[in-house]
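Numbers restart at 1 for each chain; the letters A, B, ... are given by sequence-line order, proteins then strands.
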Number of protein chains: 2
Amino acid sequence: MAGIKDVAAEAGLSVATVSRVLNGHPSVSEDARRRVTDAVERLGYRPNAVARSLRTDQTRTLGLVISDVMNPYFTELARSVEEEARALGYSVIIGNADERPDLQDHHVTTLLDRRIDGLLVSPTDGGSPGMLGAARAGTPMVFVDRWIPGVDVPVVRSDGRAAVRDLVAHLHALGHRRLAIIAGPAATTTGRERVDAFREALAAHGLELPDAYIGQGDFQAGSGRRVTEGFLDLPQPPEVVFAADNLMALGALDAVRARGLGVPDDIGLAAFDDIPWFVHTDPPVTAIAQPVRDLGRAAVRALVDRIEGGPGASVTLPARLVVRRSCGEGGPGIENPPSPVRRSTP
Amino acid sequence: MAGIKDVAAEAGLSVATVSRVLNGHPSVSEDARRRVTDAVERLGYRPNAVARSLRTDQTRTLGLVISDVMNPYFTELARSVEEEARALGYSVIIGNADERPDLQDHHVTTLLDRRIDGLLVSPTDGGSPGMLGAARAGTPMVFVDRWIPGVDVPVVRSDGRAAVRDLVAHLHALGHRRLAIIAGPAATTTGRERVDAFREALAAHGLELPDAYIGQGDFQAGSGRRVTEGFLDLPQPPEVVFAADNLMALGALDAVRARGLGVPDDIGLAAFDDIPWFVHTDPPVTAIAQPVRDLGRAAVRALVDRIEGGPGASVTLPARLVVRRSCGEGGPGIENPPSPVRRSTP
DNA sequence: CTGAAAGCGCTTACAG
DNA sequence: CTGAAAGCGCTTACAG
């Protein structure tokens, strides 16, 4: 593979001059520029990014550590992050933690070893040693979606409180009173917040959230299945189950179907995080949608700002309720009810 | 950040010795080893992977260029690839081509600039210049899922022929005769092969595949929607539509629903690539499942073999038909028909 | 505007 | 077993 020396030889100039034209340095004669460009073309030369990074101490690469790539929410987030990063001249390396703190640590360590310029993370837990270390070491960093309280890092996320309030009002209006939740891990902010928001919203309607109606999940389908089975086994099962993410909703659907029961007739279902498939599930699932694309974009902007020495402002975007048919919205016997979309910000 | 020199100073040894213990070189005294280990610990030293790569000319990194991350099939493939790579001591950088040759080229170029040790690609088209160049330049490379005829690179893929035959036999037994397909891009092998397999299978039953029943899609939901609308507008619409991937099946579902029609009563639907959501769509979708995890694993093994100078054997794995209810399997009025799973290899 | 030279943080023959 | 030194492919003050 041709190196910069080959180009210099081919162009009859020094490597310094070649480097200058490669980097668009202003003080290069038009003649030299052309000779280098031609030589580069002839040799099919491509600068070695590894060498360049070592020398300049920047890789133009962002690390993104997400909790679970198989979760459509995170897949879309990753896509949006890559898009925005590319637009700003950065590459991104994705690390999939699979909701495992040890894997998360493995990825931040690997990413740091590669000297990425900045780190975007959606922490799996309350803070694995590697992650905390990275934050302390001063690596430019920003949290997306989930964050860690007490760690001084900008947070880009969406606030589901209003949407959860809308959801509960919606369920209440439908006549439901026994509402349960499949919670995410208590070690995550989103895991905790969604339960809190749900409980608060219930309280506003004079409703309680008994312990038996809080199932501990881990944001994966399997836990949604197990928790739902538990709910179904209760002497007094809930009327509606609210899954704190789309994968646990999938699990809930599995569990209900495995019992030969139906949604929403036997039990209602709502989910946090909307995905295209929810339109076509049986029944279409009422969900809370986050502005994923915007979150990804904002996160990259904040991170790049930090990298360039800026403050990297936090941003919070609203989520919104999307009403469909999984909570008995049609009423018994009604085939094709209207499907209004309600926004959390009226 | 501490460098190897700091460690050497701290340990009272030369950087050469430090490097040796870091790399597990045998000829190092026990005493030196301990002093270095301690110094590393004290300083929280981590080797700079960029410098190491420059020196050793290997990055222990694999590039994976896929056609569309948002497609659950590829997401799962990417996950499996990363898992196996990690097990073998490699990291992977994912490039998402979004079915665009230009983006694909952007990613292979970037990946090559970073001097990845090997490239895994599922080509978006018949071969963008960058990709062909990489293959010619001798970068260790293997194709996954899709490949490019005439390019001498191992191929790891799944053969859907038998499963498509099973599907057509299944549809024929159900009494369907007018079968249509939403094809993938003709520039991709999977786009062509699935149409060919479908046509052959039809022929075996004395059925034709008229041009009007071949809709040109691009593996994305939007095209599935458009093609399906076209089918529905035909004077004689097909009885069953076979979507060549899961995203186009989603689009088909959208289109049918938008017309106020239903699957399978008004039109049947089958899809290539099975995904968890197909169990819960309305109705559950009959699909052809690929052994994705195994494909990912095999692809990484082949690539690493190539990197280490081996031949990197091609591998082809069978796909299988999963019968559900989207083709009228229940018959009119039957609520819960058995859902047999038929394997393509009897 | 151009070039010689130093140096980024490592690894690895080569001596000893 | 250990160290001094060269070198991986670049970029960038420093002179001229």
If you count every heavy atom of other residues, nucleotides or ligands that lies below 6.0 Å from [X] atom [atom1], does the total exceed 12?
{"X": "B:Arg34", "atom1": "CZ", "value": "no"}
{"X": "A:Gln58", "atom1": "CD", "value": "yes"}
{"X": "B:Asp57", "atom1": "CG", "value": "no"}

### Query
How far does CZ of B:Arg114 sit from OG1 of B:Thr109, to the nearest 0.5 angstrom?
12.0 Å

### Task
Verify the contact: side-chain N or O of B:Ser14 to OP1 or OP2 of D:dG3, cut-off strictly under 4.0 Å; return yes or no.
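True: B:Ser14 side-chain N/O within range (under 4.0 Å) of D:dG3 OP1/OP2.
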
### Task
Give DNA chain D the dot-bracket treatment, 5' to 3': Watson-Crick (N1-N3 with N6-O4 or O6-N4) or G-U (N1-O2, O6-N3) under 3.5 Å, [ ] crossing, | other strand.
|||.||||||||.|||

### Message
We want to know whether A:Ser53 and A:Arg115 form a side-chain donor-acceptor pair, criterion being a heavy-atom distance below 3.5 angstrom.
### Response
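On atom types as modelled, these side chains do not qualify, holding no pair under 3.5 Å.
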
Lys/Arg N to Asp/Glu carboxylate O, [X] vs [Y], below 4.0 Å:
{"X": "A:Arg297", "Y": "A:Asp294", "answer": "yes"}
{"X": "B:Asp113", "Y": "A:Arg52", "answer": "no"}
{"X": "B:Asp102", "Y": "B:Arg100", "answer": "yes"}

### Message
Please encode protein proximity along nucleotides 8-16 of chain C as a string of B, S and -, counting only heavy-atom distances under 4.0 Å.
### Response
BBBBBB---

### Task
Find the distance B:His25:NE2 to D:dG3:C1' and express it as a whole number of Å.
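From B:His25 NE2 to D:dG3 C1': 13 Å.
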
### Query
Which part of the nucleic acid does A:Ser27 contact within heavy-atom distance under 4.0 Å: base, sugar-phosphate only, or nothing?
base

